[in-house]
Structure formats: C-alpha cells, structure tokens
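Down below is the structure, laid out as structure tokens.
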Amino acid sequence: MDILDVMVARLAESNLPDETILQMKDMVNSFAEKHSDNPDILARVAQVKTSLADKLGNKVIKYHQGTEKDAAPMSSEEYTAAVGKLRKLKEDPLAYMDECEKILRHPRNSTLAEFAIDGLGEIVAEHPHPLLTSRAADILRLGAENDRLMELDVAGYIGMAMKQTAEKFPDENGWLAGKYADQYAKDRRDLIVDRRLQELFPQYMAEQRAPVADAVENGRKAVAINEDNLPVLRLAGEYGVDFDLKEIAEAIKGLKPGEKLAIGRDPEKAGVSGNIHKIDEKKCNAYVSGHHCDIVRGKDGKLGLVDVSRNGTEVVERAEAGRKAVAINEDNLPVLRLAGEHGVDFDLKEIAEAIKGLRPGEKLAIGRDPEKAGISGNAHKIDEKKCNAYVSRHHCDIVRGKDGKLSLVDVSTNGTEVVDRSQAERKAFAAWQLQNQFKR
C-alpha cells in the first residue's frame, strides 16, 4: 500500500474535515510532480483527483485562518481594525508598505495577509516609481520566506494574490516579484505536504521512514564528522547561517549509539521529540528549517551529519566561517551603509553589470579610491559627490565564491553593513514626491 492507496481509503470516509480535503489536494499535486515520468502512477493520481473533485464539489470549504501557540488568530474586531488601518494608509504608499511588511513578517490571519498583498499591487500599479516597486518586490520576498504564512495559507489564496500582484508591476521588478511568488507556491506546497503527511497518515509515514532510519544508523546516508574537531555547519547556504557544533559539544558527546540530536530553528515545533537543539533566534533566520539536520551516532559509535532541510546543510572550513562575510542575494542586490552614521549609503544595483560579470573566485573592490589604496583589477570608485572621508579608499569587496554565490567582505576602518532598502530610499522618495508634487 502506498500513499495514493491511503488517500483513496480516506476519501471513502464520510464527513471528512475540510482541512484534510485541502491538504490532500496539495499532497496529490506534489506527488504527481515527483512521479511525472511514471504513467501508471499518473493514471492513479487522476483517479484520486476525481475523488477529490467530487468531495470539493459537494462541500462548501470554510476559509482557514489557522492557529499557533505563539500567534493567536485575530478576533473579528482586530481584523476589521487592521483592514481599516490599511485602507487609510493607502494615501501614504511607504507607510502602507511598512504595515504590509509587519503583517507578512508576523502573520495571524490569512485573509488579512491576502488583503495587504492585493493593496500592494494597487500601489505599484498607481505609482510606478522604481523606489516603490523595488520595495514592494522585497516585501513579497519576505512573505515567500515565511513558513508561518505558508501554514496559514491552506487554501492557496495568498499564493494567488502574490502572483496577481506581481503581474501589476510596471518594470523589471515585476520579474523579481513573480519569482518570489513562484518560490512561495513551491515551498508552501512542500512544507504542507511534509508536515501534514505525518498528521494525516502517521502509521504509513512510520513504515516509510523505518528503512531510512536504519540506513542513517548504518552511516549510508550520513556525512562523517570528526568528533575530536567538530566542524562549522552552513545551514541553508548563502541565505542562511553558520552554526559551530562546538557550541553543543557536550550534547553531542552524550549521544549513545543509535541516538541522534535534531538541530534547527525550532525542532520541537516541527514535531521532533527527544534530543533537540533550538538555535538562538538572534543567530537564525527563516531560511533555516524548523528541523534542519541531525547529528547521528551510529551503532559503531561514529558521528554522522544528516540533512533533513529544504535549503541544505554543508560542512565548511572553520577559517571560511570566521570571515567577515555576508551573503548577498544577486537577484535583489542590497544597499550598503559605508562607515555607519557618518558615511554614505551605496546601492549595489548601480554596479549590477560589473557584479554580474564576476567569475567564480573573482572579487570587485569598492571604495573612495581603490586604485590609490593599491588595488588592481576589478574595482569601483564611488562618485566623489556621493562619498566622504569616512569611507575608506578600499572599503569592501564583493566576492563570487567557487560555487558562484556572492558575498560581501568588509575591509574598512569604519565598517560596512547591509541596510533596509526602505530606510535608504525613504529620503530619495520624499525628494521625488516634492519634485512631482505627489500627494501623500
């Protein structure tokens, strides 16, 4: 018996809960994608979809708002007040976007999130300024990274709102917005399938996972770890964080043969019991999965690393992990604050072509005058009208790693940081408003 057989059996039940029907709809679509080259399975999938369609056609599906221990659902009064606030803020696009970001960062109601995203589309369509469209695309990215939002969005309406909003962008930022909408749809489906399978079919999942557990214990699906020199793990690649296993050396040392230690953003909330380590939220972000990886002690007493995440886990050189490097999203180049409050903001989008041209292993030096600082090769001298003496001649480097990914390395006296684009652009947008007599 496989998962399709289990679904058929469940669909034969009377009074099947609305949420279960919607979850199964997501599951069968994901299953079909993974077995798209198997005509026999696709034929059975079609039968399951027919049964689902009958169930959906005979019921009025209630809109799901969702609940969670640390985020109670909104009352009708709170929802009405929040919608009213968004409507009033439409007169101030930047303020609306700030509020929309708050809603997508800490979602409590799926209908409110959908309403906020729809309004975002109306703003970029009515006020097609690049500062606004860039900010709006970044807000959609935040939504696309939020597992909590995905869990609330059982019916998939938020994903549709993101897609429709992306289509209203008048410029190249619409491509980015569409990419984030697609990312959200895929990740949401994967997340719901992974978490709900265990809830709906616990016995089936236990049977499926048993062989995997044996394989892990035998070391066949694990990366070997040197217990005498515990490494640094890179969780979720360029967008994630580096985690030093030496921080939990005692917990690892206490593992007995056959035991494992689950590591992640919140393993307990991801359904893991037993030995767990929740990474400090100040050292973590949404790219790190709730249950990201396991440290397993095999029957032979040796340690292994098993990745169970959506965005990957790798062992990195300790020297590399210690660099003052910050991952950069090439699809959405950020604004850099050079030399803190006394310095200047520099938008990397100004040199997007130069960055795009970097080959693996190459870097681009940025500063007040990199050449005078002794730099040869790829360099960008910031316009002296946009610079000051607090910015070092050679201030920072944009580096393309051997894996093709970008990072920022600070080499200055007064520091370099990535700042919120909305803060950096607010002053520029205010000037544009005055120039164009734009009503706020």
Side-chain angles (χ1 to χ4, degrees), residues 64-75 78-79 81-86 89-90 92-121 123-124 132-154 157-159 161-163 165-166 173 176-177 179-181 183-185 187-188 191-192 235-236 239-241 264-266 269-270 278-290 310-311 326-327 329 331-332 334-335 417-426:
H64 177 77
Q65 293 185 354
T67 60
E68 190 168 310
K69 294 176 183 177
D70 58 354
M74 299 183 97
S75 66
E78 288 177 307
Y79 172 79
V83 169
K85 183 177 183 180
L86 283 172
L89 290 176
K90 284 279 188 70
D92 185 343
L94 285 174
Y96 182 96
M97 290 182 174
D98 288 343
E99 187 65 21
C100 184
E101 179 179 335
K102 290 178 185 177
I103 290 170
L104 296 188
R105 278 188 184 276
H106 307 288
R108 294 174 57 201
N109 181 289
S110 57
T111 311
L112 179 63
E114 182 188 354
F115 183 87
I117 293 169
D118 285 338
L120 199 62
I123 284 178
V124 296
L132 287 177
T133 58
S134 175
R135 172 84 168 116
D138 200 48
I139 290 172
L140 289 185
R141 176 183 62 80
L142 292 173
E145 296 168 1
N146 195 318
D147 286 358
R148 167 66 179 153
L149 189 64
M150 296 175 195
E151 289 172 339
L152 288 177
D153 187 23
V154 175
Y157 294 139
I158 293 175
M162 282 188 176
K163 193 69 175 175
T165 292
N173 285 312
L176 271 178
K179 182 178 178 182
Y180 297 141
Q183 174 192 328
Y184 173 89
D187 288 352
R188 170 193 160 274
L191 180 73
I192 288 179
L235 310 180
Y239 302 119
V241 300
R265 182 156 45 85
D266 197 334
K269 194 173 288 183
K278 178 180 178 180
I279 301 172
D280 186 337
E281 60 183 15
K282 294 178 182 178
K283 300 179 181 179
C284 205
N285 64 30
Y287 287 100
V288 177
S289 298
R310 288 188 293 129
N311 294 318
V326 177
N329 181 357
D331 294 329
N332 188 24
V335 175
E417 59 181 315
V418 177
V419 297
D420 190 315
R421 183 172 291 276
S422 65
Q423 295 177 9
E425 293 176 341
R426 189 175 289 275

Heavy-atom closest contact ([X] atom, [Y] atom, distance):
X    : Y    : answer
C100 : I139 : SG-CG2, 3.9 Å
F115 : Y96  : O-OH, 3.8 Å
N329 : Y180 : ND2-OH, 3.8 Å
L132 : P93  : CD2-CB, 4.0 Å
I279 : C284 : CG2-CB, 4.2 Å
V241 : K283 : CG1-O, 3.2 Å

Can you name the side chain to side chain donor-acceptor pair (under 3.5 Å) partners of [X], sequence neighbours left out?
X    : answer
K85  : E99
Y184 : D153
S289 : none

List the residues meeting side-chain contact (heavy atoms from CB on, under 4.5 Å) with [X], not counting sequence neighbours, and say none if there are none.
X    : result
Y79  : V83, N109, T111, L112
D138 : R141, N332
A113 : I103, L104, L149, I158
A181 : M162, K163

[X] [atom1] to [Y] [atom2] distance, which is reported to the nearest 0.5 Å:
X    : Y    : atom1 : atom2 : value
R265 : L235 : CZ    : CG    : 11.5 Å
R105 : L142 : CZ    : CG    : 4.5 Å
I123 : T133 : CD1   : OG1   : 12.0 Å

Kindly write out the residues that satisfy salt bridge (Lys or Arg N to Asp or Glu O under 4.0 Å) with K102, not counting sequence neighbours, or none if the list is empty. none

Salt bridge (Lys or Arg N to Asp or Glu O under 4.0 Å) filter on D266, not counting sequence neighbours, yields K269, K278

